[in-house]
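None of these values were measured; they are calculated from a predicted model. Just so you know, ligand 1 is whichever comes first in the structure, and atom 1 is the first atom listed for that ligand.
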Amino acid sequence: MPPLLRGSNRRVVLALARRAVLGAGPRWSAGGSGCARDSPFGAEELRGEPDRFGGVSVRLGRLDALDRLDPVAFQRALQAAVQKWRSEGRVAVWLHIPILQSRFIAPAASLGFCFHHAESDSSMLSLWLGDGPSRLPGYATHQVGVAGAVFDENTRKILVVQDRNKLKNMWKFPGGLSEPGEDIGDTAVREVFEETGIKSEFQSLLSIRQQHTHPGAFGKSDMYIICRLKPYSFTINLCQHECLKCEWMNLSDLVKTKNTTPITSRVARLLLYGYKEGFDKIDLTMEELPAVYTGLFYKLYHKKLPDNYKTMTGMD
Ligand SMILES: NC(=O)C1=CN([C@@H]2O[C@H](COP(=O)(O)OP(=O)(O)OC[C@H]3O[C@@H](n4cnc5c(N)ncnc54)[C@H](O)[C@@H]3O)[C@@H](O)[C@H]2O)C=CC1
Ligand SMILES: [Mg+2]
């Protein structure tokens, strides 16, 4: 499901809207100084914070003086500030613009700033000042979709659905898009429950598909990850909005059917192989480990490492 404007994002937008209304005045002064304030707005008021890469970041939401500033005065101040940062040897400028101050985007663009990314309540523009082509990293490149192959070893049945809004009705595993900050396994379990009503537990990661210029990803790249899940409820409660059909199908029937997608068929064969020869042959299992510098934790997925290899120090 596409995320809604919620929680802290919503609060920020509402606070900005309130400020915009309360601070409303003659914002768009025509000609003259191009500024509705009493004193002129200068480069020194566009305060930036240096970063460790030699760039500078300006967050317009933190500069109260901008409330009644018009775009012409802003452009003049920004141009002077950019000149100053250039002379100081800064390599880049990052400009964070809350959505309600979007009137400052066009003046910044006219000075060479480009969109780096946008969130629901703000945009980030950047300008490369260093030598040669920009070395600034891009923003998110992929969307992540996750499906759950929910396999019941006792009955050898697998949970499959047909999507409602697809051009062709083919059997596939229930799944959907990962939300920001959500673990892969949690997406699979959540999407399976939302679409089918089946409760399940993450077991392993089975496959990763990478596809570029994906129509369902607004032309960006798509990572589609299939997880093996173990069911612990069995009564289907179909989501009418997203699914047309849902059933527990014999795994061998899913392997044989033509009415499915190539990726579903391939993963069905993989599951059959795992069921017959041992799931350790196909599973990428997950372990949580501490990140070295940040104090955070991450999830690492790989084939299970035998215990004696966990302590082994070399080839001898
Ligand atoms: N090979 C396969 O078997 C298939 C793989 N996938 C993968 O699954 C992932 C996405 O799964 P989904 O089930 O599609 O996500 P999802 O379960 O999160 O559902 C997305 C919802 O958004 C709706 N939606 C999408 N675009 C919309 C638009 N422009 N306007 C209004 N509503 C819109 C859809 O109708 C759907 O209800 C992707 O990674 C995709 O590549 C999806 C279908 C088949
Ligand atoms: Mg879905």
**OP:** Consider only side-chain N and O atoms of Asp222 and Gln143, and report whether a donor and an acceptor are under 3.5 Å apart.
**Re:** yes
Subject >> Mode of Gln211 contact toward ligand 1 - side chain, backbone, both, neither (heavy atoms, under 4.0 Å) >> reply: neither
Subject >> Backbone or side-chain N or O of Gln143 under 3.5 Å from ligand 1 N or O >> reply: no
Original post:
Looking only at distance, does Val144 have an N or O less than 3.5 Å from an N or O of ligand 1?
Top reply: no
**OP:** Would you check whether Arg209 reaches within less than 4.0 Å of ligand 1, judged by its heavy atoms?
**Re:** yes
Subject >> Residue and atom, protein N/O/S, under 2.8 Å of the Mg ion (ligand 2) >> reply: Gly175 O, Glu195 OE2
**OP:** Would you please determine whether Glu195 falls within less than 4.0 Å of ligand 1 on a heavy-atom basis?
**Re:** yes
Subject >> Sub-4.0 Å heavy-atom contact, Gly216 with ligand 1 >> reply: no
Subject >> Option set Gly176, Ala147, Gly145, Cys239, criterion heavy-atom distance to atom 16 (P) of ligand 1, minimum >> reply: Gly176
Original post:
What do you reckon, does Glu194 put a non-hydrogen atom under 4.0 Å from ligand 1?
Top reply: no
**OP:** Just let me know how Leu177 lines up against ligand 1, side chain, backbone, both or neither, with a heavy-atom cut-off below 4.0 Å.
**Re:** both
Original post:
If hydrogens are left out, which of Thr264, Asp163, Asp222, Val146 has an atom nearest to atom 38 (C) of ligand 1, that is, the closest non-hydrogen atom?
Top reply: Asp222
